[in-house]
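Letters go in sequence order (proteins before strands), and every chain restarts at 1.
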Amino acid sequence: MATQSHSLSYAGCNFLRQRLVLSTLSGRPVKIRRIRARDDNPGLRDFEASFIRLLDKITNGSRIEINQTGTTLYYQPGLLYGGSVEHDCSVLRSIGYYLESLLCLAPFMKHPLRIVLRGVTNDQVDPSVDVLKATALPLLKQFGIDGESFELKVVRRGMPPGGGGEVFFSCPVRKVLKPVQLTDPGKIKRIRGIAYSVRVSPQMANRIVDSARSILNKFIPDIYIYTDHMKGVSSGKSPGFGLSLVAETTTGAFLSAELASSPQGQGAAVLPEDLGQNCAKLLLEEIYRGGCVDSTNQSLGLLLMTLGQQDVSKVLLGPLSPYTIEFLRHLKSFFQIMFKIETKPCGEELKGGDKVLLTCVGIGFSNLSKTLK
Amino acid sequence: KKFPESSKVASGQRLGSENLIDETSDVEDLLKEEEDYKEENNYSTETSGALKWKEDLSRKAAEAFLRQQQATPNLRKLIYGTVTEDNEEEDGDTREELGGLFRVSQPSRECKHKLDSLDCSRFHVEAPHDWDLEEVMNSIRDCFVTGKWEDDK
């Protein structure tokens with residue numbers, strides 16, 4: 001592992017997760033200073049502290065130092081250990097916030113990760129568990145991470161502000177990742193979705209489905225939106241409803257969109273009809289952006305390409321999100337990997353906006369802590 | 001077919017990238033310039049003039065190439081060229097003194113916004129299209145299996 005002198009230094013709390021994740025994978029310590037230094041309430045928030053605790057649980061021998069005001073964080077990563085873990089996530093952010101990072105780390109554990117996460121399953125900010133299940137898991141499968149134990153399950157649904165949801169995630173470990181050539185997005189053959197409602201009338205979900213279908217039916221007939229109404233202890237502590245939509249293409253690419261109702265007592269009330277229509281339009285926007293990986297999972301795909309065997313990997317993406325752009329910069333500083341980036345103008349084809357082709361040679365990362373059996 | 005060819009082409013051009021439009025206009029400019037030079041050539045009967053015309057053409061081509069390079073957003077430069085290092089010295093303050101004792105601390109809004117903004121991977125749609133319009137709907141028509149397929153498939 002790297003020595004302390006190789007530590008990287010950053011400022012501000014933005015992109016905290018990707019910095020800590022890349023630090024863990026590369027073994028380089030990071031120091032993050034001036035975390036909300038000029039804020040009225042300075043330092044790390046609860047949800048970030050919870051994220052750091054989670055990292056501590058899945059690794060062995062990590063050293064974490066936080067100063068008294070919480071504005072400076074020093075993280076020296078240990079080894080990824082995995083195993084059976086339980087974690088209570090902060091209700092300020094949804095489980096998706098934590099799960100996104102776990103998806104990056106889970107394939108490289110010593111023992112396969114089996115984790116129970118409790119908190120908010122769907123909110124308006126982060127990608128929900130449903131969307132990650134439908135988009136990130138197939139993406140990991142492209143890299144050769146597959147098996148019976150590969151699973152993400154919503155046991156209980158929890159909406160903000162109360163939370164009370166529960167998710168089970170288990171992921172097998174792999175020694176090496178397969179390089180990928182995801183250059184053909186294919187054509188969308190079907191659209192699937194989940195309209196969920198908890199602690200409100202089950203009719204809400206049906207109203208969402210009807211309005212979403214009214215827009216999407218103009219493009220493709222193969223649409224099925226499941227209605228998911230959880231009751232009793234499975235419905236969490238707060239009422240709410242929402243919709244997540246996923247478009248699957250002939251080549252196995254998944255594009256997603258989602259919307260959730262405002263948390264109880266916050267923001268303007270949303271009609272289920274409006275929510276359904278707006279979510280369908282968001283999916284059309286995502287299809288317009290296009291690419292082989294949807295905009296939320298761009299960084300996950302690029303990370304797995306970087307960590308692949310020493311071979312060329314290619315991926316065609318829609319426009320890069322600000323999060324992905326920063327992630328590319330971080331990949332450069334942690335792994336010295338620079339991608340070849342080519343813009344592919346859409347031209348006369350009726351296939352949405354301009355695309356970006358990213359090419360890299362993997363660093364040949366192999367999971368040395370994986371036990372041989 | 002559902003749509004007449006002409007409307008397809010028109011919508012394609014309308015929605016076509018700006019790069020493409022830039023490119024075509026560049027080519028047109030070049031062609032125009034070429035024509036101008038040819039005309040000049042006709043007036044001058046010297047042989048060195050022809051050589052001069054050729055020299056100029058390569059320079060023009062180089063300039064046009066550079067112009068085009070600048071017009072298309074160079075993503076590589078955008079991503080790797082302007083890496084935002086945290087500058088310790090500046091600290092985002094403007095050193096303005098008040099009564100020779102206090103300093104007004106005014107962190108530049110942009111800098112602060114970026115450093116401490118929400119850590120979220122979702123890519124929000126900033127300028128949504130109007131999906132009720134036929135033209136906009138047609139722009140993604142071929143992304144679906146119900147759209148037009150390439151000849152080789």
Rounded to the nearest 0.5 Å, the NZ atom of A:Lys281 sits from the NE2 atom of B:His129 at a distance of 13.0 Å
d(A:Ile215 CD1, B:Met137 CE) to nearest 0.5 Å is 9.0 Å
Interatomic distance, CZ@B:Arg76 vs CG@A:Leu358, rounded to 0.5 Å, equals 10.5 Å
With A:Arg329 as the cation and B:Tyr80 as the aromatic partner, state whether NZ or CZ is under 6.0 Å from the six-membered ring centre and within 45° of the axis. no
Applying a strict 4.5 Å limit to non-hydrogen atoms, the region of A:Phe327 in contact with chain B is neither
Heavy atoms of B:Asp116 and A:Ala37 approach each other most closely as OD2-N, 4.1 Å
Self-check item: Heavy atoms of other groups near A:Lys31 NZ, more than 12 under 6.0 Å
Solution: no
Turns out that what part of A:Pro221 lies under 4.5 Å from chain B's heavy atoms comes down to side chain
In terms of heavy-atom pairs under 4.5 Å with chain B, the winner among A:Met338, A:Glu286, A:Glu100 is A:Met338
Within-4.5 Å side-chain heavy-atom neighbours: A:Pro127 and B:Ser121:
yes
Taken to the nearest 0.5 Å, the spacing of A:Ile287 CD1 from B:Arg141 CZ works out to 11.5 Å
For B:Ile140 and A:Gly352 the tightest heavy-atom approach is CG2-CA, 4.0 Å
For this session: For the pair A:Glu258 and B:Arg122, evaluate side chain to side chain contact (heavy atoms under 4.5 Å, CB included) and give the outcome as yes or no after the intermediate values.
Result: CA-CA 10 Å; A:Glu258 64 175 326; B:Arg122 284 250 283 252; 2.9 Å; yes
Bottom line for A:Ile35: the part with an atom under 4.5 Å from chain B's heavy atoms is backbone
One should read off an interatomic distance between A:Leu320 CG and B:Ile79 CD1, to the nearest 0.5 angstrom, of 5.0 Å
The interface call for A:Glu285 against chain B, heavy-atom contacts under 4.5 Å, is both
When the 4.5 angstrom heavy-atom criterion is applied to B:Thr146 and chain A, the contacting part is side chain
Practice task
Using the side chain to side chain contact (heavy atoms under 4.5 Å, CB included) rule, take B:Val145 and A:Ile220 through it: C-alpha gap first, then chi angles, then the decisive distance, then the call.
Solution key: CA-CA 8 Å; B:Val145 283; A:Ile220 193 162; 3.9 Å; yes
Ranking A:Val125, A:Leu328, A:Ile188 by heavy-atom pairs under 4.5 Å to chain B gives rank one to A:Ile188
Next on the checklist: Using side chain to side chain contact (heavy atoms under 4.5 Å, CB included), reason through A:Arg93 and B:Leu118 one step at a time and then give a plain yes or no.
Outcome noted: CA-CA 11 Å; A:Arg93 296 294 289 261; B:Leu118 192 76; 3.4 Å; yes
The interface call for A:Thr250 against chain B, heavy-atom contacts under 4.5 Å, is side chain
Take B:Phe123 and A:Arg289, measure what side chain to side chain contact (heavy atoms under 4.5 Å, CB included) needs, and give me the verdict at the end. CA-CA 11 Å; B:Phe123 188 10; A:Arg289 283 172 177 165; 3.6 Å; yes
When rounded to the nearest 0.5 Å, the distance separating CD1 of A:Ile325 from CG of B:Leu75 is 7.0 Å
Give the C-alpha distance, both sets of side-chain angles, the deciding distance and a yes or no for salt bridge (Lys or Arg N to Asp or Glu O under 4.0 Å) between A:Lys351 and B:Asp142.
CA-CA 5 Å; A:Lys351 285 185 175 179; B:Asp142 289 347; over 6 Å; no
#### Entry: SB check B:Asp119 A:Arg17 (cutoff 4.0 Å)
yes
Of the listed A:Ser321, A:Gly96, A:Gly353, A:Gly12, the one with the largest count of heavy-atom pairs under 4.5 Å with chain B is A:Ser321
On a heavy-atom basis, the closest approach of B:Cys120 and A:Asp126 is SG-OD1, 4.2 Å
Is there side-chain contact between B:Cys143 and A:Lys187, with heavy atoms separated by less than 4.5 Å? no
